[in-house]
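Heads up: the structure comes next, in structure tokens.
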Amino acid sequence: MTGRFSFTLNATDGQARTGVIQTPRGDVRTPAFMPVGTAATVKAMLPGSVRETGADILLGNTYHLMLRPGAERIDRLGGLHKFMNWDRPILTDSGGFQVMSLASLRKLTEDGVTFSSHIDGSKHFLSPETSMEIQRLLGSDIVMAFDECPALPASEEDVAKSMQLSMRWAQRSRDAFGDRPGHALFGIMQGGVTPELREESAKALTAIGFEGYAVGGLAVGEGQEAMFGVLDYAPGFLPQDKPRYLMGVGKPDDIVGAVQRGIDMMDCVLPSRSGRTGQAWTRRGQVNIKNARHADDPRPVDEACTCPACRGYSRAYLHHVFRSGEMISGMLLTWHNLHYYQELMEGMRQAIAMGRLDSFVAEFHAERAQGDI
Ligand SMILES: Nc1ccc2nc(N)nc(O)c2c1
Ligand SMILES: [Zn+2]
């Protein structure tokens, strides 16, 4: 793999930015939404279909792939891109966050985290060094530093201690990552909802130096108001010439608010996970297709949507296949939701480029206020 990793800012509108991340495996238009492909698949979607929704990059997870099928096995089989038949950029999360939310029998020390697999109880160890090695074996284009995200509720003292551990781990991640042209290592800011801690974290990461910077420790139950409160200042602590990635976000209105506050990249399981449970996301808000009111409705989920679900099927059909548990149900609504999310990103990229994000956002909220009709 030859080529460079670079980020070009093309336009700004207030705090919002639009640009392009160039990687050897292709460009990522920002602001970007990354569909989540946790176990080497964006659930219920073929990779070609994910691309057709407009995705330039997707997310994989160190934690899940190290447990099953194993990073060494994926490496022997040619790496994650070949394994899952996606030849565009992949960003992998570093595993610490998933250990704390999924694994059992966890033991956290300065060195790293030992834990038992939620799949078969086998014992494992993750540290900055092992996480960098696993992400190298996977072949991901954007590697995340190994961090610790404190569970809420947490005292400011605990958040500070956890953030400072993450900053020591960020240095170790940088050292272990080595010199890998065409690949990027992103640092992860922590610090909870305390401006001083967020600034301390940003300063530490900037001093180490990364190809991009994530805002971690949010979307962990703090609620949208508290999250936006942090985003009102935290992105500004980060270098403005590098991508800013908000992890684990979110609902469409979370995404719009984050882009307005200077975020360039986001990922969330919501559109795919909710698609499998019958929740459609549209310009007019959420539509629960399993609701009886759709049983005889001949209209598509969204008349203005050009996705296969809206072009080829009625609400009545979707209602039927969800009620009868047919596999096509999750496929169609996942496709629709990812298509809607990518359309929202494209709309914001264009609005920022034209300096009209405010009116785009006003229209976004006005349409949702109408509710589903
Ligand atoms: N809300 C989230 C989601 C994923 C995360 N991943 C890492 N590595 N760190 C965090 O703080 C995260 C937060
Ligand atoms: Zn649609």
Side-chain angles (χ1 to χ4, degrees), residues 34-45 58-74 80 83-84 90-138 140 142-154 158-159 162-163 165-166 169-170 173 186 188 190 192 214-222 227 245-251 254 266-277 330 334:
M34 299 185 279
V36 174
T38 290
T41 160
V42 177
K43 292 179 173 37
M45 294 286 286
L58 58 81
L59 182 135
N61 270 308
T62 291
Y63 172 79
H64 296 78
L65 294 171
M66 71 183 278
L67 298 181
R68 185 172 57 186
E72 294 76 5
R73 172 172 284 134
I74 290 178
L80 184 55
F83 189 57
M84 69 181 290
I90 294 176
L91 178 149
T92 44
D93 200 353
S94 46
F97 182 81
Q98 289 77 28
V99 166
M100 301 320 267
S101 47
L102 288 169
S104 51
L105 300 177
R106 301 180 301 262
K107 190 169 174 305
L108 172 68
T109 67
E110 179 72 29
D111 196 20
V113 189
T114 52
F115 61 94
S116 294
S117 160
H118 72 286
I119 297 169
D120 61 12
S122 55
K123 286 193 79 55
H124 297 268
F125 173 66
L126 261 181
S127 67
E129 293 75 18
T130 63
S131 176
M132 292 306 108
E133 174 59 4
I134 289 165
Q135 296 180 75
R136 185 189 65 79
L137 289 169
L138 296 175
S140 48
I142 300 179
V143 169
M144 298 310 293
F146 187 71
D147 65 330
E148 209 258 324
C149 174
L152 291 185
D158 289 346
V159 170
S162 171
M163 179 272 288
L165 172 63
S166 287
W169 283 359
S173 298
F186 280 21
I188 304 177
Q190 292 292 345
V215 179
L218 291 177
V220 288
E222 74 282 356
M227 179 174 78
Y245 162 29
L246 176 59
M247 305 184 88
V249 173
K251 299 190 309 301
D254 295 330
M266 282 152 284
D267 83 273
C268 193
V269 294
L270 189 62
S272 37
R273 182 174 295 170
S274 57
R276 297 195 301 279
T277 63
T334 298

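Arg106 CZ: more than 12 foreign heavy atoms inside a 6.0 Å radius. Atom CZ of Arg273 has 12 or fewer heavy atoms from other residues, nucleotides or ligands within 6.0 Å.
Side chains of Leu102 and Phe115 form no contact here, defined as non-hydrogen atoms less than 4.5 Å apart. A heavy-atom distance below 4.5 Å is not found between the side chains of Thr41 and Met84.
What you find for Gly216 and Gln190 is that their closest heavy atoms are C-OE1, 3.7 Å. In plain terms, the two heavy atoms of Gly248 and Ala219 that are nearest each other are O-CB, 3.5 Å.
Neither side chain, Thr109 nor Asp111, offers a donor N or O lying under 3.5 Å from an acceptor on the other. If you check the side chains of Tyr245 and Asp267, you find a donor sitting under 3.5 Å from an acceptor.
Rounding to the nearest 0.5 angstrom, the gap separating the CH2 atom in Trp169 from the OG atom in Ser162 is 8.0 Å. Of the inter-residue distances, the one linking Ser116 atom OG with His124 atom NE2 reads 8.0 Å to the nearest 0.5 angstrom. Note that CD1 of Ile142 and CD1 of Ile90 are 11.0 Å apart. Values are rounded to the nearest 0.5 Å. Distance check, rounded to the nearest 0.5 Å: CD1 of Ile74 to CG of Leu65 gives 4.5 Å. Rounding to the nearest 0.5 Å gives a distance of 11.5 Å between CZ of Arg73 and CZ of Arg68. Here the CG-CD distance, from Asn61 to Gln135, works out to 9.5 Å after rounding to the nearest 0.5 Å.
Within the 3.5 Å criterion, the main-chain N or O of Ala145 finds a donor-acceptor partner in the side chain of Ser94. In this structure, the side chain of Thr334 engages the main chain of Gly330 through a donor-acceptor pair within 3.5 Å. In this structure, the side chain of Ser131 does not engage the main chain of Leu126 through any donor-acceptor pair within 3.5 Å. Between the Ser117 side chain and the Asp120 main chain, a donor and an acceptor come within less than 3.5 Å of each other. A side-chain donor-acceptor contact under 3.5 Å links Thr62 to the backbone of Asp93.
Scanning for side-chain contact (heavy atoms from CB on, under 4.5 Å) contacts around Glu129 gives Ser127, Arg172, Ala176, with sequence neighbours left out.
Each of Leu218, Val215, Ile188 was scored for a side-chain contact (heavy atoms from CB on, under 4.5 Å) with Met247, with one residue passing: Ile188. When each of Val99, Val113, Leu108 is checked for a side-chain contact (heavy atoms from CB on, under 4.5 Å) with Glu148, only Leu108 meets the rule.
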Subject >> Stepwise side chain to side chain contact (heavy atoms under 4.5 Å, CB included) test for Phe146 and Thr130 >> reply: CA-CA 9 Å; Phe146 187 71; Thr130 63; over 6 Å; no

Subject >> From CA spacing to verdict: side chain to side chain contact (heavy atoms under 4.5 Å, CB included), Met227, Val249 >> reply: CA-CA 10 Å; Met227 179 174 78; Val249 173; 3.8 Å; yes

